[in-house]
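One structure is given here, and the rest of the page talks about it.
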Amino acid sequence: MLLAVGCSSQKLPPNFKFGAATAAYQIEGGWKADGKGKSIWDEFAHTHKDAIVDGTNGDVAADSYHLWREDVRIASELGLNQYRFSISWSRILPSGLPNNMSKAGVKYYSDLIDELLKQNIEPVVTMYHYDMPLKIQDLGGWTNPLIADWFADYARVLYSLFADRVKTWITINEAVVICDMIYNTGILAPGIKNEELGPFLCNKHLLLAHAKAYRVYEREFKDKYNGRLSLSHNILWIEPYQYPRDKELAKLGLEYMIGRYSHPIFSKEGGWPPSVEKKLLEYSLKQGFNYSRLPSFTEEEKQLLKGSADFYALNYYTTHMIRPAKEGEKGTWFLNGSPELGAMLEIPADAELSASVIMPVYPKGLRKTLSYLKNSYGDIDILITENGYPGKHQMYDHVRLKYIKDHLTQVYLAIKEDKVHVIGYTYWALMDNFEWNSGYSVTFGLYAMDHKDPKKIRSPRLSSQYYACVIKTHEINVSDECVNENIEKLHLQEYHSFGNSVCASKALIVLLILFYFS
Ligand code: NOJ
């Protein structure tokens, strides 16, 4: 099998795992099937139609509640080693509390897990992906300190049901979105905007909820099942806008972005990053509070959190540049800046734009993030739990193919050159789904799914064929032959050799240079 012309081999390690991801509200539908309780997204999408660009919702979505066998079939067709999906808390526990468990909900996830294992696909299970049971939200959700115990109770239910078969768990997906983005904007469920205390109460309680869920596993299940747990963090890589002027600000920006959610768990000292703690206290006092808006941890809480993860779970999408805010400018973390840091974020000039304004494409940021995590928290295993391209509806999605290839190249370099221990890569998403405020107007899927199609057929895009070849060979610069072979099998005819043209032009430049100096 020939490699694409002019490209040298770039192989990921033999034990490297390839996956794809989805989340319950975004794919399942069946929003009130078989006694499922309401989640904040069921409620929000019905009551805030105008917050969703196409006025749609996840009532039916990809109908995975009924078509889950199809999901496993396409995962297996791709050759995935892992499938990351989330469990809807209110499908298992309709009121959020463990005194009332839904048999139908349990059966749904149990069957899905069994089928995945039958196909040799390892389930990677997220316990919470934005869909808080409404009844728990009514009691304050993440701003109520009791959430830590309620979440730990829910986690215990999941372990007792599935830990015999699930060995990799993600407690909570993207804390920074749940706390900072949601409470700073109110544009996502539950639609509450409270910039002063919301993000920071949520930050603390969410971390404690994670830690309590981790300790339940450690105490009651680890010996028997030996699984691994973490929480997945969405990292926006941050570069100085003007160097060296903004170097220190970028450092603080990264502590604010990454450290606030990672330092308490992964650092040797534990607790909040000192620079962030100091900044927030100063800012709060200046605002007229007589305490920091970032609540402190007790010594006991610090110990509970420290070391409460077995690997780092990273969602990487994009990079921004940071600069001091000008007079009158006020950003919103983590969209475009932070009043607390007195900073604004800018899109890098050399980033490529995508169908999502907040996600310009910047693969180099992934390698930098991976190195940063190693340098900050030691030589830990890192699982990339999300990375994906927001596009439109094309089937011949050359740009997505290039996106995956470019990001995998950065992973390859991080492993080879920077010796970072990256153990796997998960593409978001297995198929098109409900993209929160963007509804179905933006697509991420390796497989297309038209939400208007009553059958919700999953159709392979070109990128899926490239990804299948990478999975089969672990080679990033896959041969055209491999992609074409699969395309023929899938009756796609129109493959333009994108990989080749990139590699061939590089080869041509090398030839010209050699010719010039000969
Ligand atoms: C992160 C979230 O986990 C997921 O739900 C979302 O669809 C993707 N990013 C793309 O925005």
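Order of listing sets the numbers, starting from 1, for every ligand and every atom in it. Just so it is clear, the values below take in all heavy atoms, side chains as well, and ignore hydrogens, waters and symmetry mates.
- Ranking protein heavy atoms by distance to atom 11 (O) of ligand 1, first place goes to E435 OE2, 2.5 Å.
- If you check which protein heavy atom lies closest to atom 2 (C) of ligand 1, you get E386 OE1, 3.4 Å.
- Listed by number with element, the atoms of ligand 1 under 4.0 angstrom from any heavy atom of H129 are 2 (C), 3 (O), 4 (C), 5 (O).
- For the residue pair G30 and R91, the shortest heavy atom distance occurs at O-NH1, 3.1 Å.
- Polar contact check, N433 against ligand 1: no nitrogen or oxygen pair lies under 3.5 Å apart.
- In this structure, F334 and H320 have side chains that are not in contact, with every pair of non-hydrogen atoms separated by 4.5 Å or more.
- Under 4.0 Å from ligand 1, not a single heavy atom of V177 appears.
- For the pair T369/L314, a side-chain contact is recorded, criterion being any heavy-atom separation below 4.5 Å from C-beta on.
- Listed by number with element, the atoms of ligand 1 under 4.0 Å from a non-hydrogen atom of E174 are 1 (C), 2 (C), 3 (O).
- Side-chain atoms of L252 and I322, non-hydrogen and from C-beta on, never get closer than 4.5 Å to each other.
- Nearest-residue assignment for atom 8 (C) of ligand 1 (options F444, Y130, Y317; heavy-atom criterion): Y317.
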Worked verdict on F266 versus Y312 for ring-ring contact (aromatic ring centres under 6.0 Å, His included): CA-CA 9 Å; F266 294 95; Y312 200 100; 4.7 Å; yes
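- Annotation for Y183 and I178: closest pair CD1-O, 3.9 Å, computed over non-hydrogen atoms.
- Using a 4.0 Å cutoff on heavy atoms, N173 counts as a contact of ligand 1.
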